[in-house]
Amino acid sequence: MRNCDADREAVQLALEYVSRVEQSPCTGGNQETLDLIFNHTDWEAYIKPAMFTSKFITSVLLENNGSLNSLTDETIFSLVRSVVNGQTTIFASGIALEPGVHSEYSSFAPYAYHKNGTVYVHDIALSYNYQDNNNVLWYHNLKKRNWENATRTLSKTKLRSGNISLAEKDTVLLTTKIEDGFWTKPYFDCGGGDIWMVTYTTPIFSLDISGKPKFQGVAGVDIELTNIDINQCDPDTSKHNALDVFRETHRCYATTECRFLKGQGFKRGAYQCVCSKGYYFPNVNAQVKAFNGLEGFFAYPKATTFLCISQNWVYHIGFNLMYGALVIKTWRIAIIFRPASKYKKVHLPDKELLKRFLPPMCVVILYLLAWTISEKGVTETLETSNLLKYDVCLNRYWLYSIQCAEVFLLFVGGYMCYLVRKAPGHFNESKYITWAVYNGIILGSFLLILTHLIGHSYGPDLLYLLQGLQIQAFVTITLTLIFIPKISALYKKEDIKRANDTFKTEYDSKYLKTNTIEATPLKSVGTQTYEYAASDKRRKMFWTSVSKLSLNSQTRVEPMIDHLPLPNCENNKELSF
């Protein structure tokens with residue numbers, strides 16, 4: 001059984017070769033071919049001259065003991081020239097002989113071809129080594145075959161001498177059939193005819209001393225394919241041709257139908273994609289309302305139940321996960337960095353944040369579940385300003401409600417960012433979170449409003465563009481603002497430098513005391529330490545919160561927080577605050 005995937009891949013490679021030739025006619029040469037299996041039936045009408053030539057040369061060799069010296073060079077040149085003269089489909093005709101067949105030449109290959117209305121004839125053996133080059137398949141494929149069972153035909157001939165008929169003479173002729181010949185795969189003859197062609201060759205024989213057929217050369221023709229169309233549309237009941245291997249390789253979308261364009265020649269894209277019944281061409285002012293096969297076009301996926309449901313879940317779950325996490329993290333920073341006069345013992349590990357984060361996410365999931373059950377991914381058909389129709393997911397009030405809630409979440413995040421605007425931290429994280437939230441409020445909300453106002457009326461092109469920009473604004477820019485500064489700081493080792501500065505400040509300053517506030521000539525420092533109960537009683541983690549206060553007021557200027565592991569604290573049963 002044939003491998004359909006391999007066949008399809010071979011067809012695709014062949015079309016790519018055709019494309020390269022279209023762009024630069026001499027990049028392929030004549031060594032690269034269309035590696036496909038063709039039906040040569042339609043081309044068999046053009047190979048009869050090659051078979052006639054091989055039979056004629058064979059009969060001459062049989063009459064002259066394997067020698068072609070009875071024929072002059074002009075006679076042989078005239079033989080190949082007559083095949084080409086007046087022909088359009090047959091581009092060239094040639095003969096290639098084995099050494100010794102023509103006693104004057106070690107290799108002899110008369111070749112005739114037409115170009116621009118003129119027939120040219122010359123011996124290609126002077127510049128082309130067809131005998132020793134095994135890559136010349138049109139010659140060596142036939143030479144390597146076993147011809148012992150070649151077809152023999154008995155001929156009875158009465159020659160004439162003046163006005164007298166001579167006695168009948170029996171002659172055994174060696175003849176060939178069409179299937180005895182060799183077909184090359186289509187190729188572009190670069191530097192020769194600069195055309196697409198396929199070559200057919202048939203063997204020339206003589207008899208050896210034992211009376212067995214002996215290979216003596218080939219006769220062949222080059223059939224021009226330039227004017228033969230490549231049909232890439234789906235198979236139909238019409239007459240097929242040799243190039244039907246390219247069927248079903250069109251790029252028309254499911255809502256269009258492939259219409260073959262005759263007379264385009266041997267090139268790809270000879271078809272149009274015409275809109276199927278019930279669909280409309282986007283450009284209502286176009287003279288030809290169809291997509292050209294060479295141009296191609298981008299078709300959006302049709303709105304389906306699965307796509308509509310998955311779009312809602314992925315988008316809104318992702319939005320609330322990302323911005324919910326940013327808001328809850330900013331809230332923790334705001335709680336820790338409250339004004340110094342209101343400091344109390346604060347213990348907010350990640351586990352506590354998760355407890356506060358999960359309930360809102362559960363509400364979102366329940367909302368999406370109710371949305372899915374209610375509308376079941378139903379689609380609706382909209383019209384553009386040009387009265388063109390397209391399908392979109394039906395959302396309406398469910399979408400508006402959740403978008404309002406998400407905008408409210410962004411404003412809550414904005415308020416939290418305002419509260420922690422002066423709070424430092426590793427990598428200045430609070431600053432970049434603030435920028436990310438403000439970006440979502442300003443740019444994201446603007447794109448959201450624009451989508452509802454004009455997106456639907458201008459069709460899927462603008463609608464999907466605006467939706468794509470929303471994703472970039474909410475996701476790409478946010479992730480960039482959060483992670484790029486961290487990666488940059490880690491690369492520059494800024495985190496280690498800040499940690500070292502913090503340790504030096506704590507252990508070198510004589511004004512820094514735990515749970516005290518002492519006045520200095522310029523400023524005072526207040527520090528509070530909170531215990532973090534670790535599973536290992538011998539090792540506890542303490543959160544140290546340091547606030548620098550101005551001399552004349554209780555306003556916090558530069559708060560900072562450090563996480564210091566203090567080992568060997570067995571004797572400290574309890575810490576007072």
Side-chain angles (χ1 to χ4, degrees), residues 18 21 25 28-30 33-34 36 38-60 71 73-97 108-125 128 130 136-139 141-142 175-204 217-230 239-244 262-267:
V18 174
V21 171
N30 55 13
T33 63
L34 300 184
L36 298 171
F38 292 89
N39 178 6
H40 306 103
T41 304
D42 289 348
W43 298 338
E44 290 179 358
Y46 307 111
I47 65 176
K48 293 181 180 179
M51 299 185 67
F52 170 81
T53 301
S54 72
K55 292 176 182 179
F56 174 77
I57 299 296
T58 296
S59 64
V60 173
L71 299 179
D73 290 358
E74 178 59 31
T75 301
I76 300 174
F77 276 69
S78 297
L79 182 62
V80 295
R81 181 171 55 228
S82 63
V83 174
V84 177
N85 191 22
Q87 293 284 348
T88 55
T89 304
I90 299 179
F91 171 75
S93 173
I95 300 171
L97 302 176
F108 187 51
Y111 184 76
Y113 66 96
H114 64 80
K115 190 173 184 179
N116 298 327
T118 302
V119 178
Y120 298 87
V121 187
H122 64 101
D123 186 358
I124 61 173
Y128 184 51
Y130 63 89
V136 184
L137 296 180
W138 55 263
Y139 188 84
N141 181 278
L142 297 177
T175 59
T176 58
K177 301 178 182 178
I178 293 178
E179 53 269 24
D180 293 331
F182 174 77
W183 286 98
T184 67
K185 294 178 180 179
Y187 62 94
F188 188 81
D189 183 31
C190 179
D194 289 336
I195 61 170
W196 284 98
M197 63 173 61
V198 61
T199 298
Y200 175 83
T201 53
T202 185
I204 296 174
V218 299
V221 290
D222 294 333
I223 302 173
E224 183 174 352
L225 302 180
T226 304
N227 297 322
I228 298 179
D229 297 326
I230 294 179
K239 184 178 182 295
H240 291 187
N241 58 43
L243 299 180
D244 276 345
K262 297 182 179 180
Q264 300 295 310
F266 198 85
K267 64 179 183 181

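Since this is a predicted model, take the numbers as computed values, not measurements.
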Using every non-hydrogen atom in the two residues, find where Val83 and Val221 come nearest and quote the distance to one decimal. CG1-CG1, 4.1 Å

Under 4.5 Å between any side-chain heavy atoms of Asp123 and Phe108, yes or no? yes

Not counting sequence neighbours, which residues clear side-chain contact (heavy atoms from CB on, under 4.5 Å) with Asn85? List them please. Val119

OG1/Thr202 to NZ/Lys48 distance, rounded to the nearest 0.5 angstrom? 14.0 Å

Sequence-distant partners of Gln264, side-chain contact (heavy atoms from CB on, under 4.5 Å), two or more places apart: Asp229, Leu261, Lys267, Ala270

Is the distance between the ring centroids of His114 and Phe91 under 6.0 Å? yes

Between Ser54 and Ala219, the two heavy atoms sitting closest are N-CB, 3.8 Å

What's the spacing between Asp180 CG and Leu142 CG if we round to 0.5 Å? 9.0 Å

Kindly say whether Pro203 contributes a backbone atom to a donor-acceptor pair with the side chain of Thr176 at under 3.5 angstrom? no

Can you say whether the rings of Tyr113 and Tyr120 are parallel (under 30°), tilted (30 to 60°) or perpendicular (over 60°)? parallel

Please work out which of the three classes, parallel, tilted or perpendicular, describes the rings of Trp43 and Phe38, given edges at 30° and 60°. tilted

How about Thr184 and Leu137: do any of their side-chain heavy atoms sit closer than 4.5 Å? no

Is the closest side-chain heavy-atom distance between Val18 and Phe266 below 4.5 Å? yes

For Val218 and Phe182: C-alpha separation, side-chain torsions, deciding distance, then whether side-chain contact (heavy atoms from CB on, under 4.5 Å) applies. CA-CA 10 Å; Val218 299; Phe182 174 77; over 6 Å; no

Take a 6.0 Å sphere around OH of Tyr46 and say whether it holds more than 12 heavy atoms from other residues, nucleotides or ligands. no

Using every non-hydrogen atom in the two residues, find where Tyr111 and Ala92 come nearest and quote the distance to one decimal. OH-CB, 2.9 Å

Distance col, row Met51:CE vs Thr201:OG1, nearest 0.5 angstrom, shows 11.5 Å

Between Pro49 and Ile90, what is the shortest heavy-atom contact and its length? CG-CD1, 3.9 Å

Ring-plane angle category for Phe52 and Phe56, please: parallel below 30°, perpendicular beyond 60°, tilted otherwise. parallel

Side chain to side chain, Ile57 and Leu79, heavy atoms closer than 4.5 Å: yes

To the closest 0.5 Å, what do you measure between CD1 (Ile47) and CD (Glu44)? 5.5 Å

Just verifying a value: how many Å separate Asp222 CG and Thr199 OG1, rounded to the nearest 0.5 Å? 3.5 Å

Side chain proximity check, Trp196 to Glu224, heavy atoms < 4.5 angstrom: no

Give a yes or no answer on whether the side chain of Tyr200 reaches the backbone of Ile178 with a donor-acceptor pair at less than 3.5 Å. yes

Nearest non-hydrogen partners of Ile204 and Ile95, listed with the distance: CD1-CG2, 4.0 Å

Taking the inter-plane angle between the rings of His40 and Trp183 on a 0 to 90° scale, is it parallel (under 30°), tilted (30 to 60°) or perpendicular (over 60°)? parallel

Output the distance between atom CG (Leu225) and atom CD1 (Ile230), rounded to the nearest 0.5 Å. 9.0 Å

Within a strict 4.5 Å, meaning less than it, do heavy atoms of the Tyr130 and Trp138 side chains meet? yes

